[in-house]
Structures are given as C-alpha cells and as structure tokens.
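The structure displayed is predicted, hence computed values, not measured ones. Note on naming: letters A, B, ... go to the chains in the order of the sequence lines (proteins, then strands), and numbering restarts at 1 for each one.
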Amino acid sequence: MLDEFMQGFASAREVNLLRIKEAKENGRKVVGIYCTYCPQELILAAGAIPVGLCGMSENPIAAAEETLPRNLCPLIKSSYGFAATDTCPFFHFSDLIVGETTCDGKKKMFEIMQDLKPVHVMQLPHLNNTEASFELWVEEVRCLKKRLEKELQVTISDQDIWRAVEVINQEKQAIKAMFDLNRADPPPLSGMEMLTAAWSRSFSSDKGELIDNLNGLVREVANQTNNRQVKAPRVLLTGCPVGLGTEKVIRLSEELGAYIVAMENCSGYKTLELQTATNGADPIVALAEKYMAIPCSCMSPNPYRLKLIDNMIDDFRVDAVIDLTWQACHTYNIEAFEVGKLVKSKGLPYLHLESDYSNSDLESLKVRIEAMLEMVEK
Amino acid sequence: MIVIGIDIGSVAAKGYIISSGNHHRAMIPTGWSPREAGQAIIDQLLEASGLERNQVEQIYVTGYGRVAFEHADKTVTEIKCHARGVAELYPEIRTIIDIGGQDSKVISTGEKGQVLDFAMNDKCAAGTGRFLQVMATALGLDVSELGDAEDPGQMQTISSMCTVFAESEIIGSLARGNPKGGIIAGLHQSVGKRVAAMARRMGIREQVAFTGGVAINPGVKRALEEEIGTRIIVPEACQYTGALGAALLAWETLRRDL
Ligand code: SF4
Ligand code: SF4
C-alpha cells in the first residue's frame, strides 16, 4: 500500500504534464515559479496552475554555459539551460515566469531569461526585520498581483486570495505531517521517499488531490507496522535546494547505511511551520508576512534557519548533520560556518559538502559521508 | 588470533598482519589493479610471517581501492584507520595531517584515537602527492628526490594552486634561470600553505602528526611546521598508519566478539 502511494508521487510529473497540456488546450493559464518565495496563492487565486521549474538536471547545463559563466551554481545554470533549449515542457507551457532577486546569480540570470519568455521579477529585500523592508515586500506582492491580472487577463479578488491561502495552508500542513512521521525511530520513510513525495507538489495541477494523497500516506503509515527495524545513524540534511535528479547525497548516504530522517531544505522543512494568518484585513499583507519569514540564506542576518535546525535536531533525534552547498552558492556556503558551529556545539558531527549536479565526485563524497557515519557508530 | 589490515592507496598498497604478539608489514606499488595489489600484499604478509591464509580470521581494508577488493571482511575509511593507527603509536596526538597520492586530509582525534572531526581537500590536486609528482617530472626529478634537493634559502614562491598553472609557472621560473632547489622549496611551501589552511579551518590541537607517502619528504614537513607554527611528528612508519589502524580495528572486533 505504501508502495502504491509512492508510485503515485513518483509518477506525478508525467501525469500532471498530460493534465497541464490538456488544461492549456482548454484555455487555462500556467505560471512557472523557481523558488519558495513566490506567493503561489496569488497564482491559484488567478485561476492559473503554478508549476515549479527549479532546474534539477545536469543535461541542459552545457547549453547554459554558452551564455552563463561556468562557475555559477548548477541550479541557476540548469534552470536557464532548460529554458534556453526549450527542453522543459513545464517551462514551455508557462504563460509567465515569476522570479525573485534571491541570490545575485538568479537575479542577473532572470534579466537574460526575459528574452525567452515574459518574466516577472520580485525585488526581495535582504533583511526581514525592518519596517521599510517589509513595506517594500508588500509592494512587491501587490505588483505581482497586478502583473498576474494583466498577463492572465483576470481580476483577483480578496476572496479568491483567502480561498487560495486556505488551500496552501492545508498543503503545508499535509506535507509537514508527512515529514513528521520520521520523528519516529526507526523512521518509517526513507529520505528518497520523503523527497519524492515532497517534490511531487511542484508539478501538481490539483492541490486537493495532492493533499488527499499526502494525508492518505500519513494514515497508511500509521496503520502499518514499521519494517525498517535496523538501527542506523539518523541524519539531518540542510543547505541548498535538493530535488529529484539532484538527490545524490541522499542516495549515497542511504546506500552507506544512514537514515536521512529530516530535510531542512526548500523542498523540505524550511517553510513548513509557516502558515499564512487568516484573520487579517488585507490578504496581501498576510502573504507578505509569511513569505518574509522564510529562513533562506539570502536573508541577512538569518537567525531563524539556525533556530529551525536546532529544533529539528532535537525533534528528529538526529545523530549527525550534512550541509550540502551547490558549487558557487555563496550564501549557503558562507552560512555553513554558523551552521557548523551550532551543530558542533550540540556535540554532533557536522559534514559540509560542496558539490554540483555531476557524478564526478561520487567517490570523494562517499569517503566523507562514510567517515561521518563511522563517527556516530556506537 | 590473526588479522590483516590493508590500505590500498592510489600510489601504494600497504599491509599489516598482526598475530598474538607479532606483526609484519609490507608495501608495493598499487599499479593499475587495486584488487591484484591487495592480493599481492596478503601473499607477502603471509610469507613474511610464515602463516597460512586459512589462519587469518579477519581482513579489514581501507584506502581508495578498498571497494575493488572482494576478500575484505569489512571496509573502513582511511580517516578512521589513520586515527586508530596513529593513536597506537603516539597516544598524545590530537591532530593528524595525512597527505597521500590523491588527497590530503586533516583529522582531529580524541583520547582513544576516535575521530572528532575531519577535513579533506576538494576536487583539485593542489596539496597532494599528485601535485608534487607532476612538478617533479617537470623538473626532471623523481618525486622521492624532492625532499633532499630543496634549498629553502633560495625560496622561489609558487603562487598558483592549480596543478596545470603551477607546472607552467615552474617551467617559466627555470627558464629565467632560477635555482632548482629554490623552486622545490617553493613547491613544498605551496603544499604546506594549502594543507595548513585546511587544518587551521578545522582547528589544530597539539600534538600534530604527519602521515602518508608525502610525509617522507622532509621539505613538506618543514614547510608545514613553518605554516602552522608547531613541531610535527612524523611516525617512522608514516605510510603504514592506515594499514595498522585497519588491522587494529579488525583485532578489536574479534576481541569484542570473543
Ligand atoms: S534556497 Fe532560497 S533562493 Fe533558493 S529556492 Fe530556496 S528560498 Fe529560494
Ligand atoms: S542554490 Fe544558492 S546560488 Fe543557487 S540559486 Fe539557490 S541561493 Fe542561488
């Protein structure tokens, strides 16, 4: 039964591709997004389908390097490469792309991407604790709403937004419930399973169905007896976004005998405790508040990420932490210093890995991961 | 009780056999087949100790070739093995710098030789034996000759960390008539700087040991001592600490199971 659920999540991409194609033919609009900062609620409220475009494949990187510098984060190169080679059907179907000025690499890449598709860039402030930065962000969320209305030729009412807020809040809760299953020891889900389920949400054309599937999975796990009885080191993964296609560190760690029990990445726990307040007067302000609180390393300072990791280490009873930085991602790479300090102060091994989407460093990654696991072996 | 520990590195394969109260060691070039090198090491160890294959109870294997060797009872990382091996020889060591053929690492160890933290060089060859080997060839020397040929008094600083650029840098330096001894001292300094930076980032606790094939080179030891500002101990069997650690870990597992 659990396998059936996993199958469903794993095939989400293909299934939804066909559905989105159909929906497009029936006149529905699609909006491509790259990052958790994009207020998906507005896209839903506009009656369009939000699809995650985060580049998680090595294939289009060579083509991207014809335009972009080589020593750039593989995520940016892959995202742009898919667009430039028109090999991502979701990009192809998108009527509008929404980007944010998170890191410098993305910010400047979006300028170039404008030549390929209409791209709306949200100017993200880099500090999230002042009045002025908050006002700027509220303005940016309003701008996105206007752009969506213009580009998709709709009007978005407050009512529409509140309804979408409800849906996304539920989706977050459902994903969080799934992740929280792994507080149990041994964890009922593998890291690869968590990733597959969480990742499927970026393509889902029907949020209701996704929420039902996630809730179904959680019930199913509660009913079955856990057959993963082997004692193994419990590892927390943090750092840059990881998706299906770039899961090599998760795969290697599990092959080497670890349980990846929790992920504090964008597709993981990073945003799951953030719910949009539903009791305010202005839904735009409520959205701005939630999104501004995301503990991404592009924020400076970024204390909430450390707090989140600290709590997760305790809640998931973690034995070691792996912090994965994609090559040339300065913000996560530098923040690794603080993360390392925190993890070590809790008496746990901390492994910082810098990698890209290629397989060229598998052996050297293996040695490091194995040595870290040997450190927690009793 | 008889156990064997083997360390199959990119350049050399090393082995230790321990039987009650007795031990022997052996080393051969790894060559193109880590598997055959591992087998050859076992044969040599058995011959040296006068023991039979079926008397050996456990074989632990470490090093980059460890996965290729199918007769292992267990594979262990170099990091854990070096820590264990060095702790046996020098219990007071808290930091191990190991420079091998294709990587360099710094290991922080606890009182019983347990690994507390470690750092390893990235994908690039700077700060490894491979770097020195390429440079020795460019200088028309064997890598084993570098240590005695250096002349720190005439130090010619090498500024490039990249193997390819450093190679053209020394060729240029030779062409300008700079003394070989000074260039070699510069190469040692370059390796020392790179590895010391990695060690400082992790935190250096005394005392410090230097192991691996490159530790035979007194020039690199000198450069490292200058860079990190403390005395460094090079174990007499500096190439064997990984194999020794593997053998000791095998020994301890057996004893625990008794
Ligand atoms: S890491 Fe930051 S910038 Fe990258 S996708 Fe996540 S929230 Fe966006
Ligand atoms: S991984 Fe880092 S560099 Fe790459 S897009 Fe995300 S924040 Fe930017």
Side-chain angles (χ1 to χ4, degrees), chain A residues 70-71 74 233 248-249 252-253 255-258 319-330 333-378, chain B residues 7-10 34 60-68 72 74-84 96 98 100-110 112-125 127-128 130 162 198 200-203 205 242 245-246 249 252-253 256:
Chain A
R70 223 160 49 80
N71 63 337
K248 67 177 172 185
V249 167
L252 281 180
S253 306
E255 277 167 17
L256 292 169
D319 297 308
V321 174
I322 296 179
D323 189 355
L324 171 63
T325 304
W326 294 132
Q327 187 189 80
C329 171
H330 302 320
N333 209 355
I334 298 171
E335 203 163 278
F337 178 75
E338 294 292 339
V339 178
K341 252 194 346 209
L342 165 78
V343 176
K344 288 178 196 168
S345 78
K346 297 185 71 112
L348 300 181
Y350 167 76
L351 182 65
H352 180 214
L353 300 174
E354 200 183 341
S355 188
D356 59 13
Y357 291 181
S358 77
N359 282 334
S360 63
D361 58 352
L362 285 188
E363 289 307 316
S364 103
L365 289 176
K366 250 194 216 163
V367 175
R368 288 162 216 239
I369 297 170
E370 233 180 308
M372 183 201 71
L373 296 177
E374 284 171 348
M375 284 163 75
V376 291
E377 235 171 41
K378 304 287 144 35
Chain B
D7 176 3
I8 308 177
S10 62
Y60 274 30
V61 184
T62 186
Y64 107 103
R66 67 188 182 286
V67 275
K74 191 172 176 181
T75 60
V76 188
T77 65
E78 300 92 289
I79 294 160
K80 185 169 176 167
C81 289
H82 282 292
R84 182 65 192 89
I96 301 166
D98 175 76
Q102 62 176 13
D103 58 30
S104 46
K105 39 188 161 299
V106 184
I107 310 165
S108 173
T109 58
K112 294 182 210 92
Q114 72 274 34
V115 178
L116 300 180
D117 200 0
F118 65 91
M120 266 173 92
N121 68 312
D122 293 310
K123 289 173 203 169
C124 118
T128 69
R130 179 87 191 122
C162 158
M198 187 163 79
R200 270 196 299 266
R201 197 185 164 102
M202 197 194 68
R205 290 148 60 242
L249 290 166
E252 281 154 13
T253 324
R256 240 202 327 265

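- Across all their heavy atoms, M375(A) and D117(B) have their closest contact at CE-N, 3.8 Å.
- Going from atom OG1 of T77(B) over to atom CD of E374(A) covers 3.5 Å, rounded to the nearest 0.5 Å.
- Of all heavy-atom pairs between N121(B) and R368(A), the closest is O-NH2, 2.7 Å.
- To the nearest 0.5 Å, atom CG of residue L116(B) and atom NZ of residue K344(A) are 10.5 Å apart.
- Interface residue E78(B): only side-chain heavy atoms are found under 4.5 Å from chain A.
- In this structure K80(B) satisfies the salt bridge (Lys or Arg N to Asp or Glu O under 4.0 Å) test together with E377(A), sequence neighbours excluded.
- The number of heavy-atom neighbours closer than 6.0 Å to CZ of R201(B), taken from other residues, nucleotides and ligands shown, is 12 or below.
- Between E370(A) and T75(B), the closest side-chain pair of non-hydrogen atoms falls below 4.5 Å.
- Interface residue R66(B): only side-chain heavy atoms are found under 4.5 Å from chain A.
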